[in-house]
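A note on names: the letters A, B, ... follow the listed sequences, proteins ahead of strands, and every chain is numbered from 1. Computation of the quantities below employed the complete heavy-atom set of this structure, encompassing side-chain atoms and omitting hydrogens, waters and symmetry-equivalent molecules.
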Protein chains: 2
Amino acid sequence: MDLRRLRYFVAVAEARSVGKAAERLRMAQPPLSVQIRKLEAEVGAPLFRRGTRGMDLTEAGQALLARAGEALALAADGVEAARAVAAGRRGRISIGYMFALANAVLPRLIPELRRSIPGIELHFAELSASTREARLLDRNVTVALCMPAINHPEIQVARVGAQPLMLAMPIRSPLSRLGAVPMAKLHGRPLIALPRPEQDPASSAVTALLRRHQVVMPIASRVETVHSAMSLVLAGEGLAILPACAKLGAPQGIVFRPLRDATDSIDVAVCWRRDSHSPLIRTFLKCAEKVVAPM
Amino acid sequence: MDLRRLRYFVAVAEARSVGKAAERLRMAQPPLSVQIRKLEAEVGAPLFRRGTRGMDLTEAGQALLARAGEALALAADGVEAARAVAAGRRGRISIGYMFALANAVLPRLIPELRRSIPGIELHFAELSASTREARLLDRNVTVALCMPAINHPEIQVARVGAQPLMLAMPIRSPLSRLGAVPMAKLHGRPLIALPRPEQDPASSAVTALLRRHQVVMPIASRVETVHSAMSLVLAGEGLAILPACAKLGAPQGIVFRPLRDATDSIDVAVCWRRDSHSPLIRTFLKCAEKVVAPM
DNA sequence: TCAGCCCATATATTTTCGGTATGCCAATGG
DNA sequence: CCATTGGCATACCGAAAATATATGGGCTGA
């Protein structure tokens with residue numbers, strides 16, 4: 001079965017005439033006539049009744065017409081859909097994000113994405129510091145919203161914003177009465193730490209901050225997520241130095257205070273596999289920049 | 001869009017390899033490779049990711065594949081449907097029947113048709129003596145179950161059975177006490193008559209019967225259908241000579257008696273346009289013969 | 001590093017498609 | 001009754017596209 005023949009067939013059926021259909025198809029009448037006869041030979045039954053004033057569908061022709069139109073539409077739609085996906089006007093994107101960013105970013109990011117790509121299908125996956133690389137490399141997620149950025153040769157990174165580091169403490173802590181906490185006050189206090197970056201443990205923003213101010217904080221516990229960190233802080237296990245946006249997911253009883261003399265921040269980045277060429281990534285990046293930058 | 005390209009595309013997508021797909025399509029690998037690239041050029045986007053171990057669909061390719069399979073199936077189904085219609089294995093038939101036959105024939109004919117052609121779509125139309133020809137000639141109905149047969153050069157007729165003529169009378173008529181009514185007893189009694197055949201008024205079975213027995217019955221009324229005839233009989237307007245099957249639709253208070261010495265019958269025929277070549281007509285004819293003959 | 005696998009490219013051959021010219025049939029009109 | 005017209009079918013030719021064969025080139029794994 002050739003789709004062209006079906007197209008011709010539909011044209012002739014609609015025009016009820018070979019000549020008229022040929023005109024509309026911008027071709028000569030004889031080859032069209034030949035194609036119709038070939039189609040009939042292929043089906044094995046006449047599809048038209050030839051009258052002296054044109055052609056008329058037989059029952060068999062009607063049965064074919066009913067499907068042929070749909071098949072043509074589907075094929076055309078398939079090509080169009082492929083183009084739309086390739087151009088990023090449509091598609092599916094699987095978005096990984098780290099817990100800390102969920103409350104701060106997603107509520108604004110999702111409407112922004114839907115505005116940019118109305119037909120988009122969104123999938124979400126929560127990432128933790130320890131799983132995020134693997135899920136990107138496995139193509140489990142298309143893009144990841146990370147904090148801090150991933151450092152890996154296969155992964156491309158685009159910084160879209162930054163979050164200042166703040167001190168999280170229980171509201172009953174005496175430090176909470178200060179508007180901004182001097183770094184020196186932290187010396188010796190127990191710290192709830194997040195995982196250090198696998199590749200480059202020395203690069204942790206918190207580690208760097210403490211080292212620079214020559215402050216030493218013993219690590220009371222190491223946890224996977226900011227939520228766990230805040231829980232332990234609330235339990236009096238220690239203090240935590242967290243990105244400001246974690247405040248949005250903080251339980252009652254936790255307060256955040258800026259650190260005096262420290263403008264350190266931690267990068268928020270969009271990460272994806274270098275070999276992912278989905279045009280949706282670019283669109284996603286634009287949306288993420290718009291949403292994250294002003295934070 | 002060429003359906004062949006889509007077929008190739010589906011094959012390669014399923015085999016995840018040009019070589020394997022070429023083997024399954026029984027063609028060489030290079031032309032298949034070329035066709036896939038042409039399809040990609042036509043869509044304007046890569047549909048596969050070329051790896052060292054074969055080909056893998058891109059997102060755009062997945063979008064196309066979802067439609068392409070369906071389009072192929074539809075096109076194939078269309079051809080198959082056309083073949084089935086042409087071969088009479090499927091289709092739509094519009095059946096006209098005369099009132100008198102409805103109760104006697106349809107309840108057995110319909111299941112028989114469904115047995116013969118499971119997927120058949122049936123349309124029914126009631127015919128009267130005055131409309132039956134026009135509705136056949138207008139292709140308003142495909143076949144007509146008539147009694148008696150139509151006589152018209154454009155219409156083909158096949159006799160499928162016959163109905164003996166019987167006398168219909170009110171139960172309170174004195175004649176109803178006889179088991180079979182001698183023809184002579186009818187002489188002079190008023191007759192409720194049906195329309196005489198347009199083409200050949202002399203050929204009416206009832207007229208012929210009366211003439212042969214030299215019985216004269218004045219025509220009390222002329223009616224269109226056997227139902228009307230029976231109503232008038234019940235009203236005491238006269239007697240009617242009707243095909244036996246009319247008994248099945250008779251109201252309470254009407255009795256049918258055979259006519260002694262008269263084995264006259266009226267033909268039941270299937271009629272259709274000579275230029276209708278639907279193979280369903282033949283099937284219908286077979287069913288009608290099977291159902292009507294034993295009556 | 002060499003063989004094997006797999007896809008891409010090049011060239012030749014065959015198939016098929018579309019165009020032009022023309023024939024055939026039926027209906028219409030003088 | 002014949003000529004004209006409208007419409008489809010057939011014949012033949014040139015062009016385009018598909019397929020086959022031969023070959024190149026990259027990655028992989030022994």
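For residues 57-65 of chain B, proximity to DNA chain C is found at no residue, defined as any non-hydrogen atom under 4.0 angstrom from a strand atom.
B:Y8 comes within 4.0 angstrom of sugar-phosphate atoms only, judged by non-hydrogen atoms across all strands, and of no base. Among the atoms of the strands shown, only primed sugar atoms or phosphate atoms (P, OP1, OP2) are found under 4.0 Å from some heavy atom of A:R5.
For D:dA18, its base never sits under 3.5 Å from the side chain of B:Q35 at any donor and acceptor pair.
In this model, the phosphate group of D:dA18 is approached by a side-chain N or O of B:K38 to a distance below 4.0 Å at OP1 or OP2. Between B:S17 and C:dC7 there is a side-chain N or O to OP1 or OP2 distance below 4.0 Å. Here A:S33 reaches the OP1 or OP2 of D:dA9: one of its side-chain N or O atoms lies under 4.0 Å away. Of the side-chain N and O atoms in B:R50, none sit less than 4.0 angstrom from OP1 or OP2 of C:dC6.
Ranking C:dG19, C:dC17, C:dC7 by closeness to the A:D2 side chain, first place goes to C:dC17. The side chain of B:P30 has D:dA22 as its nearest neighbour among D:dA22, D:dC8, C:dC17. When distances are taken from the side chain of A:V34 to each of C:dC7, D:dT10, C:dC17, the shortest belongs to D:dT10. Considering only side-chain atoms of B:P31, the nucleotide from D:dA11, D:dA20, C:dC17 that sits closest is D:dA20. The side chain of A:A28 lies closest to C:dT20, out of C:dT20, D:dA9, D:dT19.
In this structure, the CD atom of B:E23 is 17 Å from the C1' atom of D:dT19, given to the nearest Å. Distance CG (A:L32) to P (C:dG18): 9 Å, rounded to an integer number of Å. For the pair B:R37 CZ and C:dC6 P, the computed distance is 18 Å after rounding to whole Å. The separation between A:D56 atom CG and C:dA26 atom P is 18 Å, rounded to whole Å. Note: CE (B:M55) to P (C:dC5) measures 19 Å, nearest angstrom. Between the CD atom of B:Q29 and the C1' atom of D:dT21 there is a distance of 12 Å, rounded to whole Å. Rounded to an integer number of Å, the gap from CG of B:L25 to C1' of D:dA18 is 14 Å. Rounded to a whole Å, the CZ atom of A:R7 is 14 Å from the P atom of C:dC17.
Salt bridge absent: A:E70 and A:R67 never bring a charged side-chain N and a carboxylate O closer than 4.0 Å. For the pair A:E40 and A:R50, the salt-bridge criterion is met [side-chain N within less than 4.0 Å of a carboxylate O]. A salt bridge links A:E14 with A:R24; the closest basic N to acidic carboxylate O contact falls under 4.0 Å. A:R4 and B:D2 are not joined by a salt bridge, as no carboxylate oxygen comes within less than 4.0 angstrom of a charged side-chain nitrogen.
Shown here for A:L6 and A:A68, the closest heavy-atom pair between the two residues is CD2-CB, 4.0 Å. Residues B:I36 and B:F9 come closest through the heavy atom pair CD1-CA, 3.8 Å.
Screening A:L64, A:V12, A:L65 against A:L47 for a side chain to side chain contact (heavy atoms under 4.5 Å, CB included) leaves a single residue, A:L64.
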Give the C-alpha distance, both sets of side-chain angles, the deciding distance and a yes or no for side chain to side chain contact (heavy atoms under 4.5 Å, CB included) between A:R135 and A:E126. CA-CA 10 Å; A:R135 301 199 63 176; A:E126 294 79 19; over 6 Å; no

